[in-house]
Amino acid sequence: MADIQISVEGQDAVAATEELFAISGLSGNWETVGDDEKEGILATVGAIVAIAGGTLAIAEQIRKWYQEYKQGKSGKKIEKVLIVGRRGRRLLLENATIDQIKQILDE
């Protein structure tokens with residue numbers, strides 16, 4: 001079974017990704033894949049390999065995490081987050097609902 005892929009772009013992608021993978025019930029790994037010092041843009045790519053507990057609860061936590069960082073939580077911001085499900089379905093978190101995130105996690 002393939003992992004769920006997630007990419008985070010923005011100036012504070014590393015901090016945001018660290019916090020994402022610290023969500024209780026979410027297991028995986030990630031790495032930095034791009035760094036444009038001139039533009040201040042950084043990207044990380046991770047793989048969610050296990051979800052403990054219900055996917056609805058995890059989807060709610062992912063949505064909350066995204067909204068906090070998109071709004072500049074503690075002065076930190078991200079630009080874009082993309083989740084790719086096990087079957088290749090892609091979802092940008094920009095306007096995603098909790099139900100849409102849950103569907104990707106459930107694939």
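Since this is a predicted model, take the numbers as computed values, not measurements.
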Check: With sequence neighbours excluded, what pairs up with Lys80 under the salt bridge (charged side-chain N to carboxylate O under 4.0 Å, His left out) test?
Finding: Glu9

Next item on the list: Please name the residue in the list Gln103, Lys64, Arg63 that meets the side chain to side chain contact (heavy atoms under 4.5 Å, CB included) test with Ile98.
Entry: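 Of the listed options, the one satisfying the test is Arg63.
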
Considering only heavy atoms from C-beta outward, does the side chain of [X] approach that of [Y] to under 4.5 Å?
X: Ile83; Y: Arg90; answer: no
X: Val81; Y: Trp65; answer: yes
X: Ile6; Y: Val45; answer: no

Working to the nearest 0.5 Å, report the span between [atom1] of [X] and [atom2] of [Y].
X: Leu105; Y: Gln100; atom1: CG; atom2: CD; result: 12.0 Å
X: Asp106; Y: Ile58; atom1: CG; atom2: CD1; result: 11.5 Å
X: Glu107; Y: Thr55; atom1: CD; atom2: OG1; result: 11.5 Å

Check: Is there a donor-acceptor pair closer than 3.5 Å between any side-chain N or O of Arg86 and the backbone N or O of Asp3?
Finding: no

Notebook entry, point to check: Would you say Asp12's side chain and Ile78's backbone share a donor-acceptor pair under 3.5 angstrom?
Noted result: no

Check: residues 14-21 side-chain donor-acceptor pairs under 3.5 Å, at least two apart:
{"residue": "Thr17", "atom": "OG1", "partner": "Ala13", "partner atom": "O", "Å": "2.7"}
{"residue": "Thr17", "atom": "OG1", "partner": "Thr44", "partner atom": "OG1", "Å": "2.6"}
{"residue": "Glu19", "atom": "OE1", "partner": "Tyr69", "partner atom": "OH", "Å": "3.0"}
{"residue": "Glu19", "atom": "OE1", "partner": "Lys73", "partner atom": "NZ", "Å": "3.0"}
{"residue": "Glu19", "atom": "OE2", "partner": "Lys73", "partner atom": "NZ", "Å": "2.5"}

Check: Are Lys102 and Glu60 close enough for a salt bridge, meaning some N to O gap below 4.0 Å?
Finding: no

Please determine whether residues [X] and [Y] belong to a single hydrophobic cluster, defined as Ile, Leu, Val, Met, Phe, Trp and Tyr linked transitively by side-chain heavy-atom distances below 4.5 Å.
X: Leu92; Y: Ile104; result: no
X: Tyr66; Y: Leu82; result: no
X: Ile4; Y: Leu91; result: yes
X: Leu93; Y: Ile51; result: yes

Note to self: Run the side-chain contact (heavy atoms from CB on, under 4.5 Å) test on Glu94 and Lys70 for me, step by step, so that the C-alpha distance in whole Å, both residues' side-chain angles and the decisive distance to 0.1 Å come before the verdict.
What the structure shows: CA-CA 9 Å; Glu94 181 70 32; Lys70 193 64 179 173; 3.5 Å; yes

Notebook entry, point to check: Closest heavy-atom contact between Gln61 and Ser24?
Noted result: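 In this case the closest contact between Gln61 and Ser24 is OE1-O, 4.0 Å.
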
